[in-house]
Amino acid sequence: MISQTDLAAMLCSRLCHDMLSPVGALANGLELLADEKDPQMRAQVVELLEQSARISTDKLKFFRLAFGAAGGFGEAIPVDEAKAVIDALAGDAKKVEVHWAIAEPSLPKPAVKVLLNLAQIALDSLVRGGTLDIGAERREGAIEIVARARAERIAFDETIGRALQGDLDDGEITSRTAAAHMIAVLAEEMEGGLQYKLGDGAQVLGAVLPEPEGMIG
């Protein structure tokens, strides 16, 4: 099994890769703003700076909940926090409509990590826009999670699917598949499981996680 140090390094690489574009845009915008004298052009640069700052903030909020310890939330995380993060990322992605089906006010940390990462994988597959359906419910001592992407074109690397099912060799785990591998390990530790299905115009990612002790009922 890949070491925890290597996995952490790959997750950091993923974070840096995703942050490079908006942070780089901020730096370029500031350089343009320093040299630009035309008021109309300066207004356009400021608008781009605001957009890049918002995207950077949205991504950092996602990484904090999806990869980090989410300190300050106790043993459960409000579902509204997860909704806000994914809705923001979908808004940044443009042309993605998100539908939610979660009645629970909060979910255990591990379930939220799995939900966020499955939602992000599904969102990444909607390269030309589409619909993202996200649901979660408690049933018979377990939490069931689903993220479904629907569009005319679904761009999904099945290596990520194999990572979700724990079928990758150590040498196949990269920064691209590290998040999927992380939640696969998390699900295995909880004696749960992940799965995916890819069909015409739809991709379904799912998880079943036993309810943590002390949180049932």
Side-chain angles (χ1 to χ4, degrees), residues 1 4 7-8 10-11 14-15 18 58-90 96 98-126 131-150 156 160-168 173 177-197 202-217:
M1 178 179 291
Q4 292 183 353
L7 179 58
M10 289 179 186
L11 290 173
R14 165 66 188 275
L15 188 156
D18 283 13
D58 292 341
K59 286 181 178 291
L60 286 173
K61 288 179 178 178
F62 169 80
F63 288 128
R64 176 178 176 269
L65 289 176
F67 294 173
F73 287 110
E75 294 300 321
I77 294 178
V79 169
D80 286 346
E81 296 287 341
K83 286 183 177 180
V85 168
I86 295 300
D87 285 342
L89 292 182
V96 175
V98 183
H99 298 153
W100 291 92
I102 305 178
E104 302 291 339
S106 64
L107 291 171
K109 285 183 182 181
V112 170
K113 286 184 182 297
V114 171
L115 183 150
L116 288 175
N117 279 282
L118 291 182
Q120 176 67 73
I121 292 169
L123 183 60
D124 284 345
S125 72
L126 296 172
T131 302
L132 175 60
D133 302 315
I134 306 171
E137 65 176 340
R138 285 183 164 95
R139 181 183 296 180
E140 298 178 356
I143 299 171
E144 297 182 2
I145 299 167
V146 64
R148 179 176 62 183
R150 294 180 291 160
F156 180 63
I160 294 177
R162 291 171 53 218
L164 289 173
Q165 296 180 333
D167 293 336
L168 292 187
I173 300 172
T177 57
H181 175 75
M182 178 192 72
I183 59 173
V185 171
L186 180 59
E188 182 179 8
E189 290 175 346
M190 297 181 67
E191 298 183 353
L194 309 178
Q195 59 183 349
Y196 80 100
K197 183 177 182 180
Q203 170 204 45
V204 180
L205 308 172
V208 178
L209 305 174
E211 188 88 30
E213 291 185 11
M215 300 191 69
I216 297 177

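Computed from heavy atoms alone, side chains included, the values below leave out hydrogens, waters and symmetry copies. None of the values given here were measured: they were computed from a predicted structure.
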For Gln165, give me all partners under side-chain hydrogen bond (donor to acceptor under 3.5 Å, both in side chains), at least two apart in sequence or on another chain.
none
Those residues that, when tested against Asp124, pass salt bridge (Lys or Arg N to Asp or Glu O under 4.0 Å) (two or more places apart):
Arg14
So Leu107 and Ile77, do their side chains get closer than 4.5 Å, heavy atoms only?
no
Neighbour count >12 (heavy atoms, 6.0 Å) for atom NZ, Lys61
no
Contact check, side chains of Arg64 and Glu81, non-hydrogen atoms, under 4.5 Å:
no
Decide, yes or no, whether a salt bridge links Asp133 with Arg148 under the criterion of side-chain N to carboxylate O below 4.0 Å.
yes
With a 4.5 Å limit on heavy-atom distance, are the side chains of Val208 and Ile143 in contact?
no
To the closest 0.5 Å, what do you measure between CD (Glu137) and CD (Glu144)?
5.5 Å
Identify, with sequence neighbours excluded, every residue that meets side chain to side chain contact (heavy atoms under 4.5 Å, CB included) alongside Ala90.
Val96, Val98, Leu123
State, yes or no, whether a side-chain contact exists between Ile134 and Leu118 at a heavy-atom distance under 4.5 Å.
no
Would you check if Ile86 and Leu116 make a side-chain contact, meaning some heavy-atom pair closer than 4.5 Å?
yes
Scanning both residues in full, the closest heavy-atom pair of Ala119 with Leu132 reads O-CD2, 4.0 Å
Check Ala187 against Gly193 and note the closest heavy-atom contact, atom names and distance.
CB-N, 4.1 Å
Rounded at 0.5 Å granularity, tell me how far CZ in Arg150 sits from NE2 in His99.
7.0 Å
Side chain to side chain contact (heavy atoms under 4.5 Å, CB included) partners for Ser106, two or more places apart
Ala76
Side-chain touch Met10/Ile173, heavy atoms, less than 4.5 angstrom:
yes
Given Leu164 and Ile121, is the side-chain contact (heavy atoms from CB on, under 4.5 Å) satisfied, shown in steps?
CA-CA 10 Å; Leu164 289 173; Ile121 292 169; 4.1 Å; yes
Would you call Leu186 and Lys113 a side-chain contact if the rule is heavy atoms closer than 4.5 Å?
yes
Say you draw a straight line from CZ of Phe63 to CD of Gln120; how long is it, rounded to the nearest 0.5 Å?
7.0 Å
Give a yes or no on whether the backbone of Ile183 and the side-chain of Asn117 come within a donor-acceptor separation of less than 3.5 Å.
no
Provide the closest heavy-atom pair for Ile145 versus Ala136 in the form atom of the first, atom of the second, distance.
CG1-CB, 4.2 Å
Once side-chain hydrogen bond (donor to acceptor under 3.5 Å, both in side chains) is applied, do any residues pair with Glu104, and if so which ones, sequence neighbours excluded?
Arg138
Minimum-distance pair of heavy atoms, taken over all atoms of Glu211 and Pro108
OE2-CG, 3.9 Å
side-chain hydrogen bond (donor to acceptor under 3.5 Å, both in side chains) partners of Asp87, counting only residues at least two apart:
Trp100
Can you give me the closest heavy-atom contact between Leu209 and Pro110, atom names plus distance?
CD1-O, 4.3 Å
Would you check, one step at a time, whether the test side-chain contact (heavy atoms from CB on, under 4.5 Å) holds for Ile160 with Tyr196?
CA-CA 10 Å; Ile160 294 177; Tyr196 80 100; over 6 Å; no
Determine whether Ile102 and Leu115 make a side-chain contact, defined as any pair of heavy atoms from C-beta on separated by less than 4.5 Å.
yes
